[in-house]
Amino acid sequence: MANIFDILGPVMVGPSSSHTAGAVRIGLIGRQLFGRQPDKASVYLHGSFAATGRGHGTDKAIIAGLLGMKPDDLRIPDSFKIAEEMGMNFVIEPKELRDAHPNTAEIIMESEDGRKLNLQAFSIGGGRIRVNRLDGLDVSFSGETNTLIVKNQDQPGCITDVSTVLNLCGINIATMQVFRAKRGGTAVMVVETDQVVPRSALEMLEGRTGIIKVTFLNVNEKE
Amino acid sequence: MSYQSIEEAYARCEKEGIEFWKAVQLEDAEERDVKEEDSWKQMKGMWQAMLDSIDTYDPALTSRSGLVGKEGGLMEAYREKGDTLCGDFMGKVMANALKMGCNNACMKRIVAAPTAGACGVLPAVLVTYYREYGVPEETMIEAMYVAAGIGQIIAGRAYLAGASGGCQAEIGSGSGMAAAAICHVKGGSKEQLGHACAMALKNLMGLVCDPVGGLVEVPCVKRNVGGAVNALAAADMALAGIISQIPLDQVIDAMKEVGDRMDVSLKETGIGGVAGSLRAQEVLRAME
Ligand code: SF4
């Protein structure tokens, strides 16, 4: 159910809450998940994002988000130029994605030290989004709350490890979802938490056997 | 739980002896588990953002398609000559609605109310009145709660997105919200603001969403004028003692039914309505 600030709001740069504000959020969440500004970003627009994205500034909006801007940032229209100044290379292309929501974008982020993250997300209207693919695995989260993402081998004990570490740090789990490609393959845990997961806990998790990658989306992080 | 109907909100007002805006604020504080003062502060922030947004208008800008941008400036210049058909106040309302619509199309900062496409209706009515008549700011923030509360009821019973219910859901809802809000500012009772909203919604019922090229430019920018002028007319009717013979909740339900029956070509697909016109096709070809 919408609260009154979903009705009056968001404060945003126009012209479209789904095609502009939502697109900024997709870029921003990509950056937050990547942990820093990527050196290179490849952005693929699908469906209505591809068809009317240029007129709505969807392309500029996603780049703005990758640069750390929020949906009300007045520099959004100039994001291409700013990306150049800040040394972020990017390409934007239309792409047909299978079974995707009409307002979907795929972003591949890379850094010079060889790190890479592949994210697919879609805009649901009102400036809100959902991330639905991460490094090729299906997931589903909004990025509106603190979210811990753990990529692991699908083997016994991983879920217990994560909940134990969070418990030790006094962190309350709001929701927890587990996604896997196939039995015994790679799996992803998406844990929405009430508190911020500290760096030390993330390091503790990274050291556990079976855990491949740990990412934390801190919604209150100031840049 | 937010109000499912205006009747439910009225019932709380009567039970607790409070005004409609207060019932909306209390519900927000309870629902989001925040203090009343914090809810108020946040609403004040929205109001300030609306004031700021109107002032950022720049008549020299054009939208990415080149179709809109200078309308706010043209209207302002015309009004300043002092010979508008609708009078000076209405001229200002129209100019402000256009400015906000142009701001949105030109990637400036706006407040979606309820959507980005309809962002000009509420500020055109509220900000213009505030600046013209020097009402206390508190009253305007109360009016923002009235608008939000009405919008929430519409969101629950029908919809607020052109893609779901046509433009009646965006400009129509914006107009209904603005009618109720300005009615409150003028000292109308809770029943009067409900009637104002119902009349505004009925006048725009069936309005289709037909943006040229799928862009929030044509007819969106000028439709904000329609929504604002309609809101003021509906509020004046309600303040004159005219009532909507159909209760607000039933008007919203009717709007939902109309939206459900509306053909998909008329719901933000850029196919039907003026989006399907010959001129629209020419514009699109030129843009490629
Ligand atoms: S025509 Fe469609 S896009 Fe334009 S304001 Fe109306 S509902 Fe929004």
Side-chain angles (χ1 to χ4, degrees), chain A residues 1-25 45 47-61 63-64 69-81 94 101-103 122-128 144-145 194, chain B residues 1-2 24-25 27-28 31-32 39 42-43 45-47 49-50 52-53 56 63-65 100-117 119 122 144-145 147-152 154-156 160-161 163-164 173 177 211 213-217 220 268-270 287:
Chain A
M1 195 63 215
N3 79 54
I4 55 171
F5 296 102
D6 294 323
I7 311 287
L8 289 190
V11 178
M12 54 168 271
V13 163
S16 160
S17 63
S18 57
H19 287 62
T20 321
V24 177
R25 295 262 307 138
L45 302 177
S48 172
F49 264 15
T52 66
R54 197 171 167 272
H56 281 129
T58 306
D59 44 7
K60 292 179 175 176
I63 298 302
M69 296 182 206
K70 304 236 165 65
D72 68 345
D73 198 308
L74 289 170
R75 298 169 302 162
I76 293 168
D78 305 318
S79 68
F80 288 0
K81 209 176 87 231
H101 181 281
N103 296 335
F122 60 98
S123 176
I124 58 174
R128 300 165 78 189
E144 284 164 27
T145 43
D194 289 338
Chain B
M1 193 62 177
S2 66
V24 177
Q25 187 200 31
E27 189 277 334
D28 177 52
E31 186 64 25
R32 294 189 302 127
S39 169
Q42 197 171 341
M43 193 56 96
M46 290 294 156
W47 167 245
M50 277 189 184
D52 295 345
S53 183
T56 63
S63 65
R64 219 163 175 188
S65 74
M100 288 296 292
C102 291
N103 278 352
N104 183 54
C106 297
M107 297 189 81
K108 294 225 162 202
R109 192 186 282 152
I110 55 97
V111 182
T115 62
C119 72
L122 194 60
M144 294 281 282
Y145 275 106
I150 295 283
Q152 207 175 21
I154 300 176
L160 295 175
S164 320
S173 301
M177 288 157 62
L215 303 177
V216 193
E217 300 187 8
C220 317
E268 212 180 313
T269 45
M287 258 177 72

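All values below were derived from every heavy atom in this structure, side-chain atoms included, with hydrogens, water molecules and symmetry-related copies excluded. Order of the sequence lines fixes the chain letters, A, B, ..., with proteins taken first and strands second; residue numbering starts at 1 for each chain.
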Winner by heavy-atom pair count (cut-off under 4.5 Å) against chain A, out of B:Thr269, B:Asn103, B:Asp28, B:Val111
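Between B:Thr269, B:Asn103, B:Asp28, B:Val111, the count favours B:Asp28.
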
Out of A:Ile76, A:Asp72, A:Thr20, A:Thr52, return the one with the most heavy atom pairs under 4.5 angstrom to chain B.
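That would be A:Asp72.
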
For a 4.5 angstrom cut-off between non-hydrogen side-chain atoms, does B:Met43 reach A:Ile4?
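They are in contact (side-chain heavy atoms under 4.5 Å apart), so the answer is yes.
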
Heavy atoms, side chains only, cut-off 4.5 Å: are B:Ile110 and A:Met12 in contact?
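Yes; the side chains approach each other to less than 4.5 Å.
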
Can you name the closest pair of heavy atoms from [X] and [Y] and give their distance?
X        : Y        : value
B:Ala116 : A:Ser17  : CB-N, 4.0 Å
B:Ala155 : A:Ile7   : CB-CD1, 4.0 Å
A:Pro15  : B:Val216 : O-CG2, 3.7 Å

Counting only heavy atoms closer than 4.5 Å, note whether [X] contacts chain A via side chain, backbone, both or neither.
X        : result
B:Leu122 : side chain
B:Ala161 : neither
B:Leu215 : both
B:Arg109 : both

Within 6.0 Å of CZ in B:Arg64, more than 12 heavy atoms from elsewhere
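Atom CZ in B:Arg64 is crowded, with more than 12 foreign heavy atoms closer than 6.0 Å.
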
Look up atom CG in A:Leu74 and atom CE in B:Met107, then write down how far apart they are to the nearest 0.5 Å.
10.5 Å

Report the C-alpha separation of A:Leu8 and B:Met177 in whole Å, then their side-chain angles, then the decisive distance to 0.1 Å, and conclude whether the side chain to side chain contact (heavy atoms under 4.5 Å, CB included) test is met.
CA-CA 10 Å; A:Leu8 289 190; B:Met177 288 157 62; 3.9 Å; yes

